[in-house]
Structures are given as structure tokens and as C-alpha cells.
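Values below: all heavy atoms of this structure, side chains included; hydrogens, waters and symmetry mates excluded. Letters A, B, ... mirror the listed sequences (proteins, then strands); counts begin at 1.
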Amino acid sequence: MPPILRVENVAKSFGGVQALRKVSLQLMPNEILGLIGPNGAGKTTFFNTVCGVFRPDEGRVFLEERDVTGWPAHRIARMGIGRTFQIVKPFRNISLERNVLVALGHDRISGWRPSMLGTGLKAHRDEVRRLLRLVGLEEFIDQTPTTLPLGHQKRMEISRALALRPKVLMLDEPFAGLSEEDIVPLAGVIKNLQREGLSILLIEHNIPHVMELCSRLAVLNFGENLCDGPPEIIRRDPRVITAYLGS
Amino acid sequence: MVQQFLNGIITGSLYALIAVGLTMVYGILRILHIAHAAVFVGGAYIGLVAYTFTGSLVLALIAAAAGCSVLGYLIQRYLYTPMLTEERIVPLIASVGLFILCEDLFRLLGGPYIRAFKVDLWFEKIAFLEAVVTAHQVLILITTAVCLLVVYAVISKTKLGLAWQATAQDMDTARAMGVNIRQVVTFNFIIASSIAAIAGVMTAINYNSVLPTMGSVISYKMFAIVVLGGMGSIPGTVVASLIIGMSETFMSAYFGFIMPRDAIAFTAMILILIVRPQGLFGRAR
Amino acid sequence: MLKVDRLSVSYGEYRAVSEVSFHVGQGELVTFIGANGAGKTSTIRAVLGLVQQTTGSIWLDGRDVTPLAAHERVKSGISIVPEGRKIFPELSVLQNLHMGAYTLEDQTRLARNVDWVFELFPILKQRRNQPGGNLSGGEQQMLAIGRAVMSEPKLLLIDEMSMGLMPIFVDKVFELVKKLNRDGMTILLVEQNAQKALGVADRAYVLKTGRIVLHDSADNLRKNPEIQKAYLGG
Amino acid sequence: MGLGYLTTIGTLVCIYAILAISLNIISGYAGQASLGHAAFFGIGAYASALLTLKLGIGFWVAAPLAMMAAGAIGAVVGVISLRIKGDFLAVTTIGINFVIVTVFEYSDFFGGAYGIMGIQYPTLFGVKISKGYYLLMCLGFVGLCALFSLLVSKSWLGLALEAIRENEAAAEASGINCAKFKIIAFAFGCAWAGLAGVLFAHFMRFITPNDFAFPISITIVAMMVVGGIGTLRGPILGALLMAALPELLRPLANYRLLFYGGLIVLMTRFQPQGLFGDKAFILRMLLGRGPRSMRHSGD
Amino acid sequence: GGPSSPAAAQPIKIGLMAPLTGPAAADGLSAKQSCEMLVEQVNAAGGINGRKIELIVYDDQFDSKQAVTVAQKMIEGDKVVAGVSGSYSFTTRAAAQVFQEEKIPFSVGYALHPAITEGGKYVFRVTVLGHVQGRAGGYAAGNLLKVKTVSMLIQDNDFGQSLASGFREQAEGLGVKVLSADKFKMGEKEFSPVLTKIKQLNPDLIYNTAYPIDGALILKQAADLGIKTQQMGSEGLDSTKGFLDVAGKAAEGIIITTNLDRDSKAEITRKYLDEYQKKYGFAPDMTGASTYDALLMVIDAIKKVGTDADKIVDAFRAMKGWQGVTGQIQAFTPQGEVIKNVELQVVRSNVFRHFGVVSDLKLLTP
Ligand SMILES: Nc1ncnc2c1ncn2[C@@H]1O[C@H](COP(=O)(O)OP(=O)(O)OP(=O)(O)O)[C@@H](O)[C@H]1O
Ligand SMILES: Nc1ncnc2c1ncn2[C@@H]1O[C@H](COP(=O)(O)OP(=O)(O)OP(=O)(O)O)[C@@H](O)[C@H]1O
Ligand SMILES: [Mg+2]
Ligand SMILES: [Mg+2]
């Protein structure tokens, strides 16, 4: 089976800082791949490069074997990559409903069809509700993100990414800042999504949950692949232990 | 050629003197402070009154700076600060309203007519290399240099300057670091307004005139400079002032009929911004 | 050291914290645990005077600081690691640290503290002249922690300490907190990693929808089966 | 009061209302600062004046052409807005206003400093429209413009613009082509401003570059802000209020401008979300909702 | 006091529009003060056939939209029998249209835009067209000053443009060479760059079409740069407070074309100058004098024929040889443009003095 997302030797530097030296990665269909590595290893930069926020200095990105390197972010999003942000970026002053609706309507908005001046957006409220319910935010549907605690905002971003009906979901530290109480159901949701056929790439420092959730781990260090493999093996890799996990 | 170069420098330094205050205000509150021009005109009027009574330019400058500090403080305290949480265009419009109000107030108080502001300095002009500089122009150059150096030193070398920058970026967090926001903002406005006052007096004596509408061109044109400099960067403002001063001078000297000076300033700004959207000294975001 | 009496925080009509009372003794390390939206951040910000609509009173060192503005409270020896890091994005790393020591007058101590922070987090030293906004999430978190300890506070408020930090550093910062506490610093810690937080704390309060529902020594809470189930993933 | 006087003011109010509504599409919905809206007002006016005078085209053909001209140049500003953002864009649009007015003022093709004279009232089926009917026609266009704005805000397009206003990075990640929609917002907003220009030119029948200078842009922004940015009723009512204000203040004679400025200060200071915005005092009174807890006082 | 008027007589209303606020407030005030003085004088002398005059003054704020509403308001609301413009060109042009449509006589003071009178027969102007005045300047340059070369500084509005085009036409016709022609914007302050260039060209004459403050700065900066060339200006500089005070000794020797001769022997002019000085404490400007004449003509016409609009218009048209503050009107063209002499004034010891007069009819007829 070909990988759904294939990244080859991408490099990216900011002025003097080489955030990615050479990173390759393959995400197989229907897997949860954990991307871990020390702070500043280049994980977020990697996400941004794949999603089209940055153009890589070198290397190529393939989505379902199609070269999408250098495509603008919105096109990649429409091609089927949904993502969340490490530092949350909600649409701050509009309701959660409209936050999610934006992504839900991406295909309606993109084309010049009659639906663009469409009949009430309200018609999609049920779908939005479903997406918010998934992450436990249904009751906040009419509130704006500014009035919600950080943890809620992060979960809203997952709903929003799912509204794109993506093939690949990329989550940047979804558990950070969430209490254990909230993580457990969210991890369940992620697992479910995978079962329903989504491929998921996950950056996370919460090792116990990563180990449990991911079928495979890839480790970045100083902008390079350190190693990858099943969680049990990675956990015992001495290089990973010294660079990242600690005793 | 030498003369044109001098003309450019002098125009540029007057611009810098006015724009630096705007840059400071923008730098800390992120407000496009149109009413800065009203402070500038206020300075010219106060200076004129003080000079008429005392006959001393130094006293006139001090009086203008003091008066405008109060004006600046009031604007900051009772108009801008309560509006900080609003959309940024709201304080801008408030500022426009204030500018209209002040301009008309000056007209009502000082009459619509132009008033001469004649100050004789200890020499009249210096001629060298087939160029001429008047005493007023020399005074402008010196004042500008001193004011700008002082501001630059404060901002880049002192804790207060650091607090200014921090406050500009995140007021809440700056407060959490122990910055007395109110004091810092007040101080910023006092310095900015004092410099505007000094610029007002300098402009008035250079052109031997004070009139209610002398701020109207300045009110928006200075933004071309502030933006070109990178919004909030003092060295950027100085360089931008000189660029605009020079381009206006050389354009109007050699192609004077193509467009008015304001349009030259804005054209220069737009062209440079298209190449460098963050301004000359701004940081790319 | 810190005594909070019937503190309430509202946002408009919504009351996020209702009448919570708690205290943190001199040299204690106290932690707050609670789900998202329980009101932890609101409480911490209220202690520092950063939220507007509050009622109740806050005592610091036996002094009523309720009428004081935020910056005055900071002067009397509080500092904070804010939720979401709140790094000054356009100040350099070094300038960010200097801002942390805004209330510290002594230049030599400032320089020493900078060195100390750089020693704790070597990556910050490498990035010292870069704008804080360009750092990675974890690097920013380190900077936020470093910035907070720069002023040698008497009372340190930490909102989400380990957020975004890699595992080695999680251990490291908990050790750091423990050490600071042992050296005499009073600490109020909000942390999602309840397991670790209870491991270092002396006492803990459990918040739920704006109220304190439980309060006990850390050891006892760790053994409490309900807490284990809800917050410790056990 | 005389009918002619009232129709004159009414027509001007309509023209301003179209300007404020159209600016609101750019600034209120899409969140893009524009302090040069008068330039597009001018483009519409000049285009229609020249088309009718020089080419002898009728009003009803010239009007859409003029709208297109303004919209096309608006789209160019949209392209510029992709690169220059935020306050930089705001000041750039001031510059664009200056440059465009300079073009009118310094090229003989546009009548130079003398302006353009002899523009005619439009005819409908060969009959010259009278002042009263012209006002009705303008009202009709205000209605169309408001309807357009309403459709935008209720449609996917409006949602996309809102997303761009709130956060561009997140909008891109949600599949929104920010570049395209910014250009669309500018193009539509400016095209409507162009229509206002058409109406203005044929009403005044004499236009000079002065009529489209930067202070007019500021007036339009002020109408939008004073009324309530981001809403539809805000700009309309704001235009009504602000365009009538100079006449309402006429009894103050010499103190007119003083009060005008003062009122702007007071309105923005105490009703920063607009007199008719969502949180407005007036609206609350009318709808009988009790006073909400006041905003926190700033430090 | 004059004879008391019958109580039943309604006052005759005449409208005045002027920029009383905004950037041109000084000129508006001059116009308003002059007209108020005139109305006081006429009323004190018993009014017109026993009826008092009531002056309705409106502010146009230097805005053509307001000019239109103000015109409507004075015609419909106040039912004025005639209107007077003490305002600039573009506002006056916009208002003229309304007066023409409503068929109310409109007498224009100092606005120079050529198209103002194009509106129709109800619109008149008491000052000469900018183009004509420019021609007079060119004539003076070539024939009286006998200069060979000239540099022009042209204000980029209709005022400056029309003066400059007339000047250029006439001067070039007389063999004067135009070395440079630079435009500048109203409110410009820094002329050193262009003056530096002009200094190198070294013309015999510098002609500017500036308003008072800009003109004062041109002269002052020219003096600072050591330029000793003869200067010439237009009625735009005919202001004591705005021009002479600011330019100071730099103004010495400049010649301007205007329609107010401050050394005039005519009694009406003397009286105006003296009384204005007495009443307001400073010497009046051309803008005041012209607007005064515009109003005075209306009053004289009403005295003759009553308040019927068409009769007033006809009376206007018949006013050959009418003497006003700003000189004697030779005739009106069918357009409604005035034909009268252009005065040349020179500044000596910081006051305007008589220098000459241009009275060539061929040149003065638009
Ligand atoms: N815009 C930028 N300019 C300069 N340097 C940058 C920029 N963005 C990231 N960096 C640097 O690149 C490196 C990689 O950053 P990145 O955000 O990808 O790390 P990360 O692996 O996501 O770390 P974390 O786990 O802390 O989030 C960091 O050292 C950071 O300082
Ligand atoms: N600015 C605000 N306006 C309105 N409501 C707010 C605001 N900030 C927080 N809230 C509400 O107050 C409640 C408490 O929020 P707070 O941020 O204190 O929770 P928390 O315990 O820190 O949560 P988290 O663990 O997610 O950080 C939440 O329900 C939130 O919705
Ligand atoms: Mg990261
Ligand atoms: Mg929190």
C-alpha cells in the first residue's frame, strides 16, 4: 500500500537557524504516527512545511503520491490535510459554530456556485453540532473562543480540522494544557477517527498517551530524523532516552 | 546640488522631529495618533504667546513643551487609554475628531489669520560652497539631533525604553512583570508631545508663521514616514524622514510639475513598501 | 504568605470563580488541580490583579493587597509564569529575561540570574538575540519559566508549567521547582500533570467549576481513589 | 424647510450610505483597513463623467462601466493588501488616495484642477429625471447595496471574509483562499463606492479632485465607526447621522466644526462599538434590555 | 440716524456664502466682515427705499457639497432675493448651478474659475477672470518691466492654473521666454528646492500664483537663498495679515496684479479702506473688497429696480461705468463676466502702493 503522505528530505532554515536539515517521513493510510523529539527539534516547522505555510528550501511533499510541494496552504487543506496549531489560532470573535462552519464550507466557498450566496448557513448546524460533540464542546456552540478556556479552544481546533473532511489529520500537541480528565476522552476520539479510516500525524510530549495511542513513532532531533519504529522499541532506544525521554 | 542636499536634510529633519513622537505613540499604544498634529500646532501657538510675552526662545520652547505635555497627557489618559480594548480604527476616528476639534479651537482662540512668529537669532545665515543655510535651519538641525539622540538613548539604553517596547507588545504581560503601565504610557506621551511642541515652534519660526491649519498636512503625511520606518522603530523613522525629505526635494527640484510633494512622499512610501512590506526597519512577521 | 478570602471572578455576567478561599504558607509549595475551565487561570490572574471584576480580599505577608494595582503587587515580590507563555514576541530572548527582572534593581544580581537561566536552559543562550516570538513552543515555555525566576520572587505563581515541554525537561523543571521551594521560595503551581504536581507539592486544592471542592495534603490526595480516577489517569 | 434643500441632503445621505456600506464590506467584514475609500468614489465619478461627456454614452451604460473601473482598481489594491498588511495597509491606502487624486488633478484628461463641468442629470426612457426622482433612485441603490451587503454577510462569502478578518493563518488552514477573498472584498467594496461616485457626479454635475480627497475617506470611515462597524444598520445610520450633522449643527454658526469634532470624540469614546452597533446604548433602550454590566474600566 | 422706516416693511434678504470654518476661514471672515459692514452702513442710511437689508450668512466649510445645500437653504428657506459668494471657486461653481436653476441672481466676489458664469444669465462676477488677470500680469512683465525671461511657480488649483495660462499666453506673445514652470500645492511650505533650481536659471522675473502664506514663504525663502530677482504675484497675495506680515522685508518690491488699488482716489475705496481699518483694526484684503463689491452691486441694483430677479439681472447687465471699491466696471459681457482694469500694486515699506494699471480693453475682455 502506498503511503498517504510521503515527505522526502525537506529542509527549512530561518536566517541562520536550520530548523529542518533533512527530514523524510511516510504516513501510511489508517495509522496514527507520533512525531516526537526535543523542544526545538523542528516538529512544528515540519508541520508548517507540509501544510504549505512555508515553502521548503529543499525536498518534496507528496499527498497520495501527488506532489504538493510549495502549494498554498488553502489548497493543501482542500486536498485533504486538516491541522491544529500548537499555539491556538481560533477565529476569536465569532461563535464556535461559525468557526467550524468555515472549514465545513471550504468547498462551497472555494467555487463560484450558487451555493456561495447560499441559503442559510443554519442548515449545517447539525453537522457542526456533531463535530463539536465529538470533542465535547456541543454546549458551547454559540460562544466565542475568547470566552473559553485554553483547553476548549484546542479541542475546537480539532473539530474545525475535521470539518475539512480530511484524509490526513495533523495535530500539534493536542494534549498540552489539557487535564487528564479531558485527555482520556480526547484520546478515545482520536483512536476512533483512526478506526473510521483517517490517517493521523501527532506531535505530543505526553509520552504515556503517545505510547498508547500511536502505532509508530518517528523521532526528530536537531532537524533530522533520529529514528522511527514501534513505540516499545523507541522507548528503549538509548539515543532517544538521552536526547528526549530521560531516565 | 549641495544646496538641494541641504534642503533635503533640513526638510527631513523637521519631518523626523514631528514623526518621532508619532512613532513613540504608535510604538506603545498602536494608535495612529492623528491628533499629534494638533499637539504640534498647539506647541506653535503656546510658543508664540510665550515668546511674545518673554522675548526668549528658550522660555517659549519650555512653555510649549510643558503645555503640550499636559495636552498629550489628557489625550492619553481620557481618550486613548479607555479605548485600548476597542478595534484599532475606533481610536483613530476619535483622534480625527479631536484633531478637527483642536484645529477649530485654535481658529476660535487665535483667529483664522496667519500670525507671524519672527525670531531673530544671533546670525542670519551662513554661506559656504555656493550654498546657504539660515540660522533657523541650523537651529533645526541641532534641535533635531539632540531630541532624536535623547529619545534613542532612552529607548535603547534604559529600562524605561525596554518597558515601552514590552508594553507595546503585550500590555497585560508587561503589567505582570511589574511595569506600571500608566506611568510608562504617560511618560511616553509627555516626551512625544514635548517633541511635537518643539517641532511646532521650530516650524513656526522657520516659516515665520503660525496658523490654525498648519497641522493638516502633517496630520496624515507623517504616517508615510512612520510606516516607511517600520512603525515603532526610531532609527527607521529618522532614515525614512530623510528619504522622504530627500525624494521630495529632488523630485520637486527636477520634475516639480509631475506631482505634488505629498504624492511624492506617498509614492515613495508605497514603492518601498511593496518591496519591503514591513518597512525599512520593521521586523518581518 | 498568601491568603485569599472569598475570591470571586466574573467575566461580564459569567462567574468563573465563586468565593474561593485558600492560603499558601511561607515556604510552601501548593498546587491547584482541576479540569479545563475550572477557574485555575482566573484565580491566579486575580491574585496578581490582572482581572478586572473581582470581589474578595487577597493578603500577602499579612498585608491586604486587594487595593493594589498589579505592578505594585509584583513589586512586593510576586512573579508569574503565565498561561500560554506570553513571551514578548519582538523582544529578544535576553530582553525578555530583563523584563522578568524589571523590579530587580541590582545589576550584578541581574547578570548572575541571566547566567543561571542560561545554564538551566542552554538553548536559550544560543537563541539569546533572537526575537522571542520565533522560538519553538517548548523553548518559549522555558523562557517563560526563566523570565519568572529572574526577579527572585518571594511568591512564584505558575500557570501550566510543563505544557509543551519534552519529558526530560518536565522532570527538570519539577526538580527546579522543588529546589527553589527548598531554598525558601513560596510557590503556587497550577499543573495539568497532576501526578507530577502532587509529587512535589505539600498541599493541593481541587477546583471544579469555580469552587474548591477538596483540599488536603498532597500525599493524601494522591491516595484518594476518586482523585486517582479523575486526574491521575489511574 | 424647502423640498430642494431636503432632497439635496437626502441624496447626499444616500451617496454616503452606499460609501459606508461598501467600506464596511472591506473593513467590517473582511477586516482590511482602508483609509482611501474616497479614491474609488472618485474613480466612479470621473469614469461616469468622462464616459457620458466624452463618449456620449448614456447614464445607464456608463454607471456599470464606472463601477467596473472602480472595482478593477479596487482589486489592484486587494492585490497590494496581500503583501502589505494591518496598519501598513491602512497608511498605504491613504497614499493610494493621494496618488489617485493627484492623477485627477494633474492630468488634463481628467480636467485637471478645473474639474469636470456640464455633467448631465440622467434620463430614463428619454425623460430627464427630476431631483425628487433622483433621490428615489438613489434610495433604490442604497437598498440594492444594503441587500448585497446582507447577502454577503449571510452567505459563505461573508463567512470566509470573517475568517480572514479573525485569523489568516487559520483561515488558510481551513481551506480558504485568503488572497482571492481579499481581492474580492476590495473589488466589490470599491465597485459600490464607484456607483456612489456615479450618483454623486450626476447629482452635482460638477466634480473637482477636492471632492474625493483624503478627508472624505476619513468621513466615510467615521460614518462606519460611529454607526457600528461590522453591522449593516451601523454604516447606514452612521451615514445618515454624520451627513446630516453639519446641517444640524448649522445654528451653532462659528462653533459648528468645534462641535462636529467634539461629537465624534464623544461618540467614539462612549460608544466605541458604534451608536447602532450590537452593544449600543440606543439599541438597548429601544429593545428594552436592561443595562448590561459596563465594560471594565481600563487601567 | 436716517429716517425711520415704516414698521410694515419687511427686510430684504440677501444671502452670503463663505468658508467661515475650515482651511479658508480667514478669507471667509474677511468677506463676512466686509459685507456686514456694508449692510450696517446701508441700514444706517435708511436701507433700500425704507426697507432694511438682512444679510443671511452661511458657512460652506470649503466643501462643494455644503455649498449646494447652503444655496438651497438660502433660496428656499430664507427666500433671499439674491445671493453673494464670498467663497472659492469650486464651492461657488457648485452653488452657481443652484442659483441659476432657481432663477435667483448670484453675484460672485473673488472666485476665478472660468466656468462659474457658464451656468447661465443669473450668475455674475465682479472680479476679472483669472485668465484675464494673468494676461495683465504678462503684459506688465513684457511691456512695463520689460523682462526677457521668467520662471513661473504655479499653484496647482484652478486659481493658479488660470492665472498662469493667461500670463504665459500674454508674456510669450510679447517675446518673454518662460524658463521654468513648476506646480505646487496649496499649503506648501518648502520652496527652497525649486527656488534653488530657479536661482541657477537666473530669470529676470519670478511669477507666482500663490495664496498669501505660500507666497510669503516663496519670497522669504528666495531672499534666504540670496535670490534678488524681481518678483511678481497676483491678487492671491493681496492680503495684509497673511502676506505682508509673514513675508516682512522679503516682500519689498514685489509687484502684484489685483483689482484693489489701495492708493485709489475714488471715494468709495478710501471710505472702505478707512472704515474697515477702524472697525476691525487691520487693513482689509482683496477677498473682502471683492465680496463687498459683489454685495454692493446687488444692493444698487435692488435700489434701482426692486427685488424682482429678472429685473435685477437686467439692471446688472446695464451697469456700465459703475464704481466699486475694486475699481470701475466698464461693462459686463453677455456671459456675466466683468470688464474692468487690472491694478498693479507694488510693496514699498511693507504696504501696497500704486504701481500702474492695465486698461487695454482688448486684453481685458475675456
Ligand atoms: N520563524 C522563525 N524564525 C527563526 N527561527 C525559528 C522560527 N521558527 C522556528 N524557529 C526555530 O526553529 C527551531 C525549530 O522550531 P519548531 O517550532 O519546529 O520546534 P518544535 O520541534 O516544534 O519544538 P517544540 O516541541 O518546542 O514545539 C527552533 O529552535 C526555533 O527557535
Ligand atoms: N475573558 C473571558 N471572558 C469570558 N469568560 C471567560 C474568560 N476567560 C475565561 N472565561 C471562562 O472562565 C472559566 C474559567 O476559565 P479559566 O481559564 O480560569 O480555567 P482554567 O481552569 O485555567 O482552565 P484551563 O485548564 O483550560 O486553562 C471558563 O469557563 C472560561 O470559559
Ligand atoms: Mg512545536
Ligand atoms: Mg488555565
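- Contacts of residues 219-234 of chain E with chain B at a heavy-atom distance below 4.5 Å involve E:K220, E:Q221, E:A223, E:D224, E:L225, E:G226, listed in sequence order.
- For E:R262, the CZ atom counts as densely surrounded, since its 6.0 Å shell holds more than 12 non-hydrogen atoms of other residues, nucleotides or ligands.
- Using a 4.0 Å cut-off between charged nitrogen and carboxylate oxygen, E:E190 and B:R261 do not count as a salt-bridge pair.
- Looking only at distances, no side-chain donor or acceptor of B:Q3 sits under 3.5 Å from a matching main-chain atom of E:T196.
- Separation of atoms CD1 (B:I10) and OG (E:S192) is listed at 7.5 Å; rounding is to 0.5 Å.
- Scanning residues 42-53 of chain B against chain E with a 4.5 Å heavy-atom cutoff picks out nothing at all.
- The contact between B:N206 and chain E is made by backbone and side chain atoms together, counting heavy-atom distances below 4.5 Å.
- E:K197 contributes a side-chain N or O that, together with a main-chain N or O of B:A253, makes up a donor-acceptor pair within less than 3.5 Å.
- In this structure, chain E has a heavy atom under 4.5 Å from the side chain of B:L211, while its backbone stays farther away.
- Just one residue in the list E:M186, E:K183, E:K185 forms a side chain to side chain contact (heavy atoms under 4.5 Å, CB included) with B:P260, and that residue is E:K185.
- Across B:T213 and E:P23, no two heavy atoms sit closer than the pair CG2-CA, 3.7 Å.
- Between B:S252 atom OG and E:F191 atom CZ the span is 10.0 Å, to the nearest 0.5 Å.
- The two residues B:Y113 and E:Q33 make their nearest non-hydrogen contact at OH-OE1, 4.0 Å.
- Here the CG atom belonging to E:L29 is positioned 8.0 Å from the CZ atom belonging to B:R107, to the nearest 0.5 angstrom.
- Every residue two or more places apart in sequence or in another chain was checked for a salt bridge (charged side-chain N to carboxylate O under 4.0 Å, His left out) with E:D214, and none qualifies.
- No more than 12 heavy atoms of other residues, nucleotides or ligands sit less than 6.0 Å from atom NZ of E:K177.
- With a 4.5 Å cut-off on non-hydrogen atoms, E:I198 does not touch chain B at all.
- Contacts between B:T134 and chain E at a heavy-atom distance below 4.5 Å involve the side chain alone, from C-beta outward.
- E:P193 approaches B:Q4 most closely through the heavy-atom pair O-NE2, 2.7 Å.
- Under the rule for a ring-ring contact (aromatic ring centres under 6.0 Å, His included), the partners of E:Y292 that lie at least two apart in sequence or sit in another chain are E:Y272.
- Residue contact with chain B, scored on non-hydrogen atoms closer than 4.5 Å, is absent for E:S180.
- Neither the backbone nor the side chain of E:F243 comes within contact range of chain B; no heavy atom of the residue lies under 4.5 Å from a heavy atom of that chain.
- In this structure, the side chain of B:N208 engages the main chain of E:V246 through a donor-acceptor pair within 3.5 Å.
- Between E:I213 and B:S209, the closest side-chain pair of non-hydrogen atoms falls below 4.5 Å.
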